[in-house]
Amino acid sequence: LTLAEAHLPGQDSPHQVLTQMSANTLFEPWQHRPPPFDNPLDPKCIRGGAQLHGPLEREAGIKEFVRIKGLMESIEKHGYDPNAFPLGLITGILLKHEGRKRFLVIHGQHRTAILTAMGHEEILVGSRREGPATIDSSDAENWPHVKSGLISKEAAVLQFSRHFSCDQEDGPAFRVRDLVRKHDESSRNSEVDKIQS
């Protein structure tokens with residue numbers, strides 16, 4: 001799977017660079033990241049993948065599941081206190097596109113997923129500690145990877161706009177809630193089966 005197929009499903013790739021990258025590549029045209037992510041075509045970047053796009057190996061998947069399960073159990077038992085975490089508040093960047101706004105989480109993705117799955121509709125967040133706090137698609141010509149020529153302005157804005165197309169029922173938050181609901185139902189049914197047998 002390529003980045004073009006993952007980020008822009010069903011569309012012709014707007015720029016060849018997106019078809020050259022693995023879907024696991026962390027590529028955001030609006031910011032540079034430390035090496036090897038500063039050059040998304042570097043094979044080390046593709047091999048390393050992007051942890052937040054999903055684990056690349058079975059062992060990593062198990063490790064992430066155990067981490068999330070433990071964190072969810074802790075929040076259920078003790079409640080959620082941002083100050084209990086080393087980095088404090090969940091932080092991110094405010095994205096702006098054609099008059100709309102989205103908050104892109106940079107630190108605290110696990111907590112965000114868990115709190116969303118638990119039904120929290122509002123979560124206290126802060127702006128990220130390094131780099132710009134706001135990214136606006138109207139300024140795309142000045143984004144690092146657009147200025148370097150790695151990707152066109154049009155393709156970068158199209159990729160950026162994917163963050164504004166997730167209000168439907170198959171969006172990530174709805175999928176997480178559904179998975180948790182199914183897991184809870186399965187656990188309850190399992191307990192009933194044990195009692196009945």
Side-chain angles (χ1 to χ4, degrees), residues 1-57 60-61 64 87 89-113 116 123 125-176:
L1 194 65
T2 69
L3 204 58
E5 292 167 323
H7 287 190
L8 306 166
Q11 298 185 36
D12 292 332
S13 174
H15 198 280
Q16 188 179 3
V17 71
L18 298 179
T19 64
Q20 295 174 9
M21 293 184 222
S22 161
N24 297 321
T25 306
L26 183 57
F27 177 63
E28 296 167 330
W30 53 90
Q31 64 182 350
H32 276 301
R33 292 186 175 273
F37 296 108
D38 57 345
N39 179 5
L41 295 179
D42 185 320
K44 290 179 187 171
C45 177
I46 295 170
R47 277 201 307 273
Q51 177 188 354
L52 301 176
H53 289 199
L56 304 181
E57 298 173 350
E64 284 295 297
L87 293 175
L89 287 175
I90 292 167
T91 60
I93 310 170
L94 182 65
L95 307 181
K96 294 183 177 182
H97 178 62
E98 297 177 346
R100 293 178 293 162
K101 297 176 183 176
R102 290 287 187 274
F103 186 78
L104 179 65
V105 177
I106 301 296
H107 297 294
Q109 289 90 347
H110 294 91
R111 286 180 279 160
T112 303
T116 301
I123 303 170
V125 297
S127 59
R128 71 174 180 172
R129 296 162 185 83
E130 69 288 330
T134 302
I135 305 290
D136 195 322
S137 62
S138 65
D139 190 42
E141 66 271 7
N142 294 312
W143 292 351
H145 290 303
V146 173
K147 285 179 80 171
S148 73
L150 186 61
I151 188 168
S152 70
K153 174 185 170 182
E154 294 73 25
V157 170
L158 187 57
Q159 186 190 3
F160 182 83
S161 70
R162 80 187 193 281
H163 291 293
F164 295 80
S165 60
C166 57
D167 292 331
Q168 63 276 13
E169 287 287 319
D170 64 345
F174 291 98
R175 286 198 298 269
V176 169

Worksheet item: Residues two or more places apart in sequence or in another chain: which of them pass side chain to side chain contact (heavy atoms under 4.5 Å, CB included) with Pro144?
Response: His32
Fill in: Residues Glu28, Leu104; criterion side-chain contact (heavy atoms from CB on, under 4.5 Å); working and verdict
CA-CA 12 Å; Glu28 296 167 330; Leu104 179 65; 4.0 Å; yes
Discussion item. Once side chain to side chain donor-acceptor pair (under 3.5 Å) is applied, do any residues pair with Thr112, and if so which ones, sequence neighbours excluded?
Written reply: none
Discussion item. We want to know whether His110 and Glu64 form a side-chain donor-acceptor pair, criterion being a heavy-atom distance below 3.5 angstrom.
Written reply: yes
Worksheet entry | Between OG on residue Ser137 and CG on residue Leu158, distance to nearest 0.5 Å | 11.0 Å
Worksheet item: If you measure from CD on Gln31 to CD1 on Ile93, what distance do you get to the nearest 0.5 Å?
Response: 4.5 Å
Response to the item:
Here the gap from Ile90 atom CD1 to Phe103 atom CZ, rounded to the nearest 0.5 Å, amounts to 8.0 Å
Response to the item:
Rounding to 0.5 Å, atoms CG (Asn142) and CH2 (Trp30) come to a distance of 15.5 Å
Fill in: Counterpart residues, side chain to side chain contact (heavy atoms under 4.5 Å, CB included), relative to Glu141 (two or more places apart)
Asp139, Lys153
Worksheet entry | Ser161 side, atom OG; Arg102 side, atom CZ - distance, nearest 0.5 Å | 11.0 Å
Item to complete: Step by step, work out the side-chain contact (heavy atoms from CB on, under 4.5 Å) result for Leu89 and Val125.
Response: CA-CA 6 Å; Leu89 287 175; Val125 297; 5.9 Å; no
Item to complete: List in chain and number order the residues that pass side chain to side chain contact (heavy atoms under 4.5 Å, CB included) with Thr134, two or more places apart in sequence or in another chain; answer none if no residue qualifies.
Response: Leu94, Lys96
Item to complete: Give the ring-plane orientation class for His163 versus Phe160, where under 30° counts as parallel, over 60° as perpendicular and anything between as tilted.
Response: perpendicular
Item to complete: With sequence neighbours left out, write down each residue that passes ring-ring contact (aromatic ring centres under 6.0 Å, His included) with His107, or none if nothing qualifies.
Response: none
